[in-house]
2 protein chains.
Amino acid sequence: MIAVRRNKISGQASEPTLRRLPGYLFYLKKMREEGMLNISAPTIGKELKCDPTQVVKDLSVTGIKGKPKVGYNVYELCQVIENYLGFNKPNEAFLIGAGNLGSALMAYQESQTLGLKIIAAFDVDKDKVGTQIGGIHVLEYGKIFSLADRLKVKIAILTTPNNVAQWVAEELVDCGIKAIWNFTLTNLDLPGEIIIENTSMSAFAAVLLRRLNDSIIK
Amino acid sequence: MIAVRRNKISGQASEPTLRRLPGYLFYLKKMREEGMLNISAPTIGKELKCDPTQVVKDLSVTGIKGKPKVGYNVYELCQVIENYLGFNKPNEAFLIGAGNLGSALMAYQESQTLGLKIIAAFDVDKDKVGTQIGGIHVLEYGKIFSLADRLKVKIAILTTPNNVAQWVAEELVDCGIKAIWNFTLTNLDLPGEIIIENTSMSAFAAVLLRRLNDSIIK
DNA sequence: TAGATTGTTAATCGATTAACAATC
DNA sequence: TAGATTGTTAATCGATTAACAATC
């Protein structure tokens, strides 16, 4: 029997690897600014506190080639990671629900690299509509239908109250949205092809608190 | 040779389990409000899209006992999870850096269960000092030393600019802070006993973008 | 050349999933 | 009783870590 061998496609990174890459990128950009030309995996690993072998493996998903004894070219490395993650492309996104967390994310992307660019926010609150937060206009929710179609936006950040999240998400899918970054606690039930990235702040708090309580007991 | 068998301590939950527990809790509280008395692992699994066996295993860390064919008591389940995570205790925290993300988290905890309670915020910006965000006072950064000591606060949320994060973190450790929820991109280098929970927004964006791009190619 | 580092393959480790006996 | 569900133990799966040959 002949085994069929799949070609190794560059898009094979595991989720943990994907989560680590922005961390590498931030550090490498800092090193690039400081004028460093080459960097080795052990050096990166020491700084970010992870195994050098893992660094090598993580970086290999971008297809970069390093030189034994020398390491990787810092400038090239920054470029391939940015390119691999798609951080150098516009990645335009809508934000729905300009409440507390919503307006924060809008303001946040000014100072930090979020990876994507919020081009408009939507809300039903008449007081918020017409205002600007972090340079982003808050529009009337109803306008999302025509705008999504016109601008071909594929990504939505969902920061509405929990009780309307499912309903809004369904409308987003109707608008042609393909990926939803969900900050609500609601478990969205949507067609399988829609990409959902759930980010719940309390999940982090849970890990932190548990580790803290464990360390106090010991 | 006699094998030494460790007693199964309740604090043995893995990190993935810990991250899932707040999700269960939110759903169960909703069910409790709707008057549901008992719930089975398969029912929870169907809703949260995870394996029923995993639900059983996750819930078992709290020490709760279910009844075959009936499931778990919803009220009791909410209580034991809240208790296990420590979400029912005060968990008082300081927030340092009342900038964009910082003020967001302050406002956020009013509407969502964060798991911990921000009792004061600190900033060096004279314009922010004296104001109130989400009901939390912003105090002068210098005051943190005496207050941390007096109030015995053990948790700090770090939302300063990246370039001062390491420096501030070291001062927090001097203040007696034991756990730092780090929202900056800086890799904090602190004594080993300090608990650090790194939360970088761009890590989520990376996973979302990659999955989106992969799905478009296919 | 000698030695550090890359890059790959193998071993380990831990989490998820499957199997199944116990039980209500 | 019959059957669904718990709860535990075993099998699987995937990620991390270790080993090592290639190479600059």
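Below, chain A is the first sequence line, B the second, and so on; all start at residue 1.
Side chain of Ser40(B), nearest nucleotide from dT6(D), dA15(C), dT6(C): dT6(D). Closest to the side chain of Pro16(A), out of dA15(D), dT6(C), dT16(C), is dA15(D). Closest to the Lys57(B) side chain, of the nucleotides dT16(C), dC24(C), dA4(C), is dT16(C).
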Symbol by symbol from the 5' end, with Watson-Crick or G-U pairs under 3.5 Å, [ ] crossing and | another strand, DNA chain D is ..||||||||||||||||||||||
Can you give the donor-acceptor pairs under 3.5 Å from side chains of residues 85-96 of chain B to other protein atoms, not counting sequence neighbours?
| unit_1 | atom_1 | unit_2 | atom_2 | d |
| --- | --- | --- | --- | --- |
| Asn91(B) | ND2 | Gly86(B) | O | 2.5 |
| Asn91(B) | ND2 | Lys89(B) | O | 3.3 |
| Asn91(B) | ND2 | Gly115(B) | O | 3.2 |

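Classification of Glu197(B) and Arg211(A) as a salt-bridged pair holds, one side-chain N sitting under 4.0 Å from a carboxylate O.
Residue contacts for Lys65(A): at a heavy-atom cut-off of 4.0 Å it reaches the sugar-phosphate backbone alone, with no base atom in range.
Residue Leu18(A) contributes atom CG, which lies 15 Å from atom C1' of dG14(D) at whole-angstrom precision. dG7(C) atom P lies 11 Å from atom CG of Leu77(A), rounded to whole Å. Rounded to whole Å, the distance from CD1 on Ile39(B) to P on dT6(D) is 10 Å.
Contacts between residues 43-54 of chain A and DNA chain D, defined by a heavy-atom separation below 4.0 Å, involve Asp51(A), Thr53(A), Gln54(A), listed by number.
A cation-pi contact links Arg210(B) to Tyr84(A), judged by a cut-off of 6.0 Å to the six-membered ring centre and 45° from its axis.
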